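We use all heavy atoms of the structure for the numbers below, so side chains are in, but hydrogens, waters and symmetry mates are not. Just so we're clear, the structure is a prediction, and the values are computed from it rather than from any experiment. Just so we're on the same page: letters track the sequence lines, and every chain starts at 1.
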Protein chains: 2
Amino acid sequence: MLTIGDVARASGLPTKTVRYYADIGLVKPDARSQSGYRLYSDIELRKLIFVRRARAFGFSVEACRELLDLYQDRDRPSRDVKKLAMQRIAEIERKMRELELLHRELSHLAESCHGDDRPDCPILSSFAEDGAVPEISEK
Amino acid sequence: MLTIGDVARASGLPTKTVRYYADIGLVKPDARSQSGYRLYSDIELRKLIFVRRARAFGFSVEACRELLDLYQDRDRPSRDVKKLAMQRIAEIERKMRELELLHRELSHLAESCHGDDRPDCPILSSFAEDGAVPEISEK
DNA sequence: CTTGACCTTCCAGTAGCTGGAAGGATTTAC
DNA sequence: GTAAATCCTTCCAGCTACTGGAAGGTCAAG
């Protein structure tokens with residue numbers, strides 16, 4: 001059995017995060033030592049690694065919970081996994097569109113700003129006077 | 001003088017948000033009525049509108065504070081404004097690159113997943129077995 | 001005079017951790 | 001054998017930028 005520090009090192013997650021995942025019931029230790037130390041098996045370590053990778057793809061902790069369930073279900077339909085992935089992809093695409101819009105508009109403003117000692121600036125003017133502004137939800 | 005509801009309507013910000021901006025000292029009311037109501041002048045209303053637009057471009061509240069200072073400084077060098085804008089643009093570009101990477105990798109995985117009744121799934125396999133995973137900071 | 005629409009403050013919660021304090025357990029060095 | 005270093009525990013607070021809700025005061029209209 002591994003202590004929290006062991007699985008933290010092995011999974012690449014901070015100890016604090018492993019403890020946090022235990023607290024929220026995402027990946028719970030198999031047992032506690034007599035002195036109360038969290039003890040993890042290789043299986044739980046594997047789950048922690050799994051979660052780190054899913055999180056690296058931007059899946060929310062709740063989505064990770066579902067993915068872990070699927071991961072552990074030998075009879076899962078791959079359809080269910082793909083659905084989660086497609087949702088995440090749609091989310092990514094939405095954010096990319098938002099950022100592209102912001103980038104276009106802000107670059108335009110910045111380009112037309114002299115960026116010297118003079119006080120007149122189209123960026124400030126735009127914030128102060130314009131009507132149209134990018135629509136964002138930034139989640 | 002305008003009440004908080006008035007400036008909320010006029011600025012397009014929720015009342016709660018206007019109150020929050022007052023709490024954190026971003027845009028403070030000019031005065032309080034005898035009964036304690038926040039009272040705003042046209043100048044403060046203009047600042048609220050300014051902040052809403054700057055926020056719509058993704059500037060943090062702290063950046064908005066700096067932008068507001070510049071907005072109010074008649075002797076500002078436009079250089080300073082442009083600098084903030086360029087920083088924001090760099091941030092946007094970083095996020096875009098991150099999202100593009102995620103999109104590429106996750107799309108690749110999703111494409112190679114059957115998405116049917118069968119349990120084998122390259123997405124799960126990737127999370128469980130792979131080594132390489134996208135590097136993210138997602139801020 | 002009462003109803004309803006406003007306003008106030010304060011507390012809690014969102015996501016996903018992260019930092020730190022206070023204190024017990026275990027291991028290593030000497 | 002013991003002292004120091006390193007680990008572990010719990011709990012509380014804080015980060016961003018709000019948002020929701022409760023309890024209660026205020027104001028204009030009918």
Side-chain angles (χ1 to χ4, degrees), chain A residues 1-40 44 48 50-68 88 91 95 98 136-139, chain B residues 1-40 44 47-48 50-68 87-88 91 95 98 136-139:
Chain A
M1 288 294 226
L2 307 157
T3 66
I4 200 166
D6 295 336
V7 290
R9 261 183 304 279
S11 67
L13 289 167
T15 306
K16 279 264 182 189
T17 300
V18 178
R19 206 173 280 128
Y20 172 69
Y21 288 165
D23 286 350
I24 63 171
L26 182 62
V27 180
K28 284 185 271 193
D30 288 81
R32 293 280 187 145
S33 75
Q34 283 157 337
S35 52
Y37 286 21
R38 289 173 184 79
L39 297 175
Y40 293 85
E44 305 307 306
L48 286 170
F50 181 98
V51 169
R52 183 175 66 81
R53 293 194 176 132
R55 292 281 303 130
F57 275 96
F59 286 96
S60 70
V61 165
E62 281 319 301
C64 287
R65 223 184 275 274
E66 295 183 54
L67 286 167
L68 263 186
R88 177 72 191 127
E91 221 175 282
K95 279 201 192 179
E98 267 179 26
I136 310 182
S137 35
E138 184 97 15
K139 279 187 189 157
Chain B
M1 288 295 227
L2 306 157
T3 67
I4 199 166
D6 295 335
V7 290
R9 261 184 304 280
S11 67
L13 290 167
T15 306
K16 278 266 184 189
T17 301
V18 178
R19 206 172 280 128
Y20 173 70
Y21 287 165
D23 285 351
I24 63 172
L26 182 62
V27 180
K28 285 185 270 193
D30 287 80
R32 293 281 188 144
S33 76
Q34 280 156 339
S35 52
Y37 286 21
R38 287 173 185 81
L39 297 176
Y40 293 86
E44 303 308 305
K47 288 192 203 168
L48 287 169
F50 181 98
V51 169
R52 183 175 67 80
R53 293 197 175 128
R55 292 282 302 128
F57 276 96
F59 285 96
S60 71
V61 166
E62 281 318 303
C64 286
R65 223 183 275 273
E66 295 183 55
L67 286 168
L68 263 186
Q87 281 174 5
R88 176 73 191 127
E91 219 175 284
K95 280 201 189 177
E98 267 180 26
I136 309 182
S137 37
E138 184 98 16
K139 280 189 189 159

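Closest approach of A:Lys28 to A:Glu44, counting heavy atoms only: O-OE1, 3.1 Å. Considering every non-hydrogen atom in both B:Leu26 and B:Leu68, the closest pair reads O-CD1, 3.7 Å. Taking both residues in full, the closest heavy atoms of A:Ser11 and A:Leu48 are given as CB-CB, 4.0 Å, listed atom of the first, atom of the second, then distance.
Within the structure, a side-chain polar atom (N or O) of B:Ser35 is placed less than 4.0 Å from OP1 or OP2 of D:dC27. Look at B:Arg32 and you'll find a side-chain N or O under 4.0 angstrom from OP1 or OP2 of C:dT9.
Following rounding to the nearest Å, A:Gln34 (CD) and C:dA25 (C1') show an atom-to-atom distance of 12 Å. For A:Leu2 and D:dC7, the CG to P distance is 15 Å, given to the nearest whole Å.
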Exercise for the section: Any chance you could lay out the side chain to side chain contact (heavy atoms under 4.5 Å, CB included) test for A:Tyr40 and A:Asp6, step after step, and finish with the verdict? Expected result: CA-CA 9 Å; A:Tyr40 293 85; A:Asp6 295 336; over 6 Å; no

Practice task
Please assess A:Met1 against A:Asp30 for the test side chain to side chain contact (heavy atoms under 4.5 Å, CB included), listing each intermediate value before the final yes or no.
Solution key: CA-CA 9 Å; A:Met1 288 294 226; A:Asp30 288 81; 3.6 Å; yes

Problem - Verdict with reasoning, B:Arg88 to B:Glu91, per side chain to side chain contact (heavy atoms under 4.5 Å, CB included) - result: CA-CA 5 Å; B:Arg88 176 73 191 127; B:Glu91 219 175 284; 2.9 Å; yes

Exercise for the section: Show the numbers, then the answer: is there a side chain to side chain contact (heavy atoms under 4.5 Å, CB included) between A:Phe50 and A:Val27? Expected result: CA-CA 10 Å; A:Phe50 181 98; A:Val27 180; over 6 Å; no

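Ion pairing of B:Lys95 with B:Glu98 is absent here, as no side-chain N (NZ or NE/NH1/NH2) approaches a carboxylate O to less than 4.0 Å.
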Set out, line by line, the N/O atom pairs under 3.5 Å between protein and nucleotides 2-7 of chain C.
unit_1, atom_1, unit_2, atom_2, d
C:dC7, OP1, B:Thr3, OG1, 2.9
C:dC7, OP1, B:Gly5, N, 2.7

Are any protein N/O atoms closer than 3.5 Å to N/O atoms in nucleotides 14-17 of chain C? If there are, list each pair with its distance.
unit_1, atom_1, unit_2, atom_2, d
C:dG16, OP1, A:Val61, N, 3.4
C:dC17, OP2, A:Tyr21, OH, 2.7
C:dC17, OP2, A:Arg55, NE, 3.0

